Amino acid sequence: MACRHLFTLKSIVTPIAGIVFFIWCIVKARGVGPIIRQPSSIHGQELGWGMVASLMSCISNMATLVTNAPDFASRAKTPAAALWPQLFAVPLGFSLVSFVGIIVSSSSQAIYGEPIWSPLDLLGRFLDDEPNGATRFGVWFIAFSFIIAQLGTNISANSISAGCDLTALMPRFINIRRGGYVAAIVGLCMLPWNLLKSSNSFTSYLSAYSVFLSSIAGVMITEYYVIRRGHYRVADLYSSNKDGWYYYTYGINFRAYAAYISGIVINVVGFAGATGRDVPIAATRIYQMSFFTGFGVSALIYYTLNRIFPVPGGIGSPERSDRFEEVDLSGYDYVPGEGYTGHSGAREDDGSAQAERGSIAKSEGGSDKKVDEDVDVKVEPVKK
């Protein structure tokens with residue numbers, strides 16, 4: 001409940017603070033600064049690859065939301081409830097914030113003769129130049145809004161994600177809240193403020209960040225949209241049966257690990273170059289497209305391994321349909337020519353659902369006669 005109110009406060013205060021900061025800088029600079037009229041200092045191939053690198057930094061900034069989306073989408077009541085808000089809100093929100101940041105930095109160059117990329121440093125300069133009551137209040141309000149925004153962003157993009165992952169790893173000892181605390185402790189031990197020493201170190205960090213997340217995204221999207229075609233079995237997620245969809249090889253999906261590592265390896269040499277090592281120009285170009293290269297390689301390797309080593313419900317399985325359809329197949333068994341049949345949504349080794357079915361039939365029909373527990377429910381096969 002408290003978190004919900006925090007996000008409500010963030011959604012109200014942060015946009016107001018951003019607009020105030022935006023207007024304040026434009027008024028002090030008497031314009032938007034030289035960014036509109038300033039010619040490019042690089043041209044040709046260098047300009048093109050510079051744009052690619054900048055684009056990768058923007059995508060990397062959203063990479064964590066791409067991989068963490070299932071933590072929130074799993075709570076949605078319909079697929080559309082998860083799709084449309086992300087489709088519009090994420091690109092639009094990031095674009096607006098980036099635009100404000102660019103204009104604010106350009107305005108600072110008109111005011112102080114040098115671009116100040118950090119808004120906190122710029123607010124400090126404002127306070128030094130005009131230490132009056134109005135300036136102090138404005139700086140306090142914008143800084144307070146930044147704290148609320150940063151807190152909300154870390155809870156949604158970092159704490160909840162880490163909490164969900166750690167809960168799945170050790171559910172007996174860790175819940176989502178404890179997992180969030182663990183993430184906070186690890187985050188402090190990483191000394192993240194060192195990443196903000198300069199704009200170059202921050203963008204370099206974002207590029208390195210996408211090297212690891214792009215491989216995860218490639219495996220996840222290929223698994224859901226290509227291998228499974230939207231089909232899933234919630235019951236098998238909580239089952240250790242060897243015939244379950246997610247049992248794989250003693251509970252480990254080696255295809256996913258191999259694809260993930262492959263997506264990282266292709267960018268390793270270029271990553272070394274970003275840290276100051278001498279590397280071939282080809283490795284640098286590959287690294288400058290790190291999200292796409294990592295995503296593409298991991299997706300291709302994962303698809304190929306699923307071709308060579310098929311999994312239940314995946315490529316080559318009779319349970320797989322060529323038509324994409326988001327449907328839970330828990331408890332249903334595929335019979336060639338007859339479609340999906342099962343025991344009222346329960347697996348054969350689950351007697352609780354059968355007992356419940358019997359009690360429901362008794363209460364609805366008013367009869368004490370024993371219900372046949374072997375009656376199957378037939379689902380028509382999906383027409384291709």
Side-chain angles (χ1 to χ4, degrees), residues 1-38 57-58 61-62 64-65 89-90 92-160 180-181 183-185 187-206:
M1 186 66 71
C3 281
R4 186 178 69 180
H5 294 315
L6 173 65
F7 288 111
T8 301
L9 178 64
K10 175 187 173 183
S11 64
I12 297 173
V13 172
T14 304
I16 296 174
I19 294 172
V20 169
F21 195 27
F22 179 75
I23 296 175
W24 193 1
C25 291
I26 292 178
V27 171
K28 286 180 70 69
R30 294 183 175 86
V32 296
I35 191 68
I36 302 297
R37 302 179 302 274
Q38 181 177 329
S57 295
C58 295
N61 196 23
M62 293 186 288
T64 180
L65 302 179
V90 173
L92 182 61
F94 274 89
S95 298
L96 288 176
V97 172
S98 299
F99 174 75
V100 170
I102 291 171
I103 298 301
V104 166
S105 181
S106 176
S107 300
S108 68
Q109 185 172 357
I111 300 171
Y112 299 109
E114 60 176 343
I116 302 175
W117 74 277
S118 172
L120 300 180
D121 293 340
L122 184 57
L123 288 174
R125 294 288 290 270
F126 285 0
L127 199 57
D128 292 337
D129 290 349
E130 299 179 61
N132 52 49
T135 302
R136 284 196 295 269
F137 176 78
V139 170
W140 171 84
F141 175 71
I142 295 173
F144 171 76
S145 301
F146 285 166
I147 293 174
I148 297 298
Q150 192 66 35
L151 184 60
T153 300
N154 274 287
I155 291 175
S156 59
N158 299 326
S159 297
I160 293 179
Y181 292 152
I185 295 172
L188 289 174
C189 294
M190 291 172 58
L191 308 179
W193 46 85
N194 288 331
L195 301 173
L196 302 177
K197 287 183 177 180
S198 67
S199 59
N200 289 332
S201 62
F202 184 63
T203 54
S204 298
Y205 163 73
L206 288 179

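Source: prediction; values computed, not measured.
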Between [X] and [Y] (side chain of the first, backbone of the second, donor and acceptor by atom type, cut-off under 3.5 Å), is there such a pair?
X: Ser108; Y: Ile116; answer: yes
X: Arg136; Y: Leu127; answer: no
X: Ser105; Y: Ile102; answer: no

Are Leu122 and Cys25 close enough, and set up right, to give a side chain to side chain contact (heavy atoms under 4.5 Å, CB included), and what steps lead you there?
CA-CA 9 Å; Leu122 184 57; Cys25 291; 3.8 Å; yes
How long is the gap from [atom1] on [X] to [atom2] on [Y], to the nearest 0.5 Å?
X: Leu151; Y: Lys10; atom1: CG; atom2: NZ; result: 9.0 Å
X: Thr153; Y: Ile148; atom1: OG1; atom2: CD1; result: 11.0 Å
X: Lys28; Y: Ile111; atom1: NZ; atom2: CD1; result: 5.5 Å
X: Phe126; Y: Tyr112; atom1: CZ; atom2: OH; result: 5.0 Å
X: Ile142; Y: Leu120; atom1: CD1; atom2: CG; result: 10.5 Å

Quick one, Ser106 and Pro34 - any side-chain contact, counting heavy atoms below 4.5 Å?
yes
Within-4.5 Å side-chain heavy-atom neighbours: Ser107 and Ile103
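The answer is yes, as the side chains (C-beta and beyond) meet within the 4.5 Å cut-off.
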How far apart are the closest heavy atoms of [X] and [Y], and which atoms are they?
X: Pro131; Y: Asp128; answer: CD-O, 3.9 Å
X: Phe146; Y: Pro119; answer: CE1-CB, 3.8 Å
X: Val139; Y: Leu123; answer: CG2-O, 3.9 Å

Begin with the C-alpha distance, continue with both residues' side-chain angles, and end with the deciding distance and a verdict on side chain to side chain contact (heavy atoms under 4.5 Å, CB included) for Val104 and Trp24.
CA-CA 9 Å; Val104 166; Trp24 193 1; over 6 Å; no
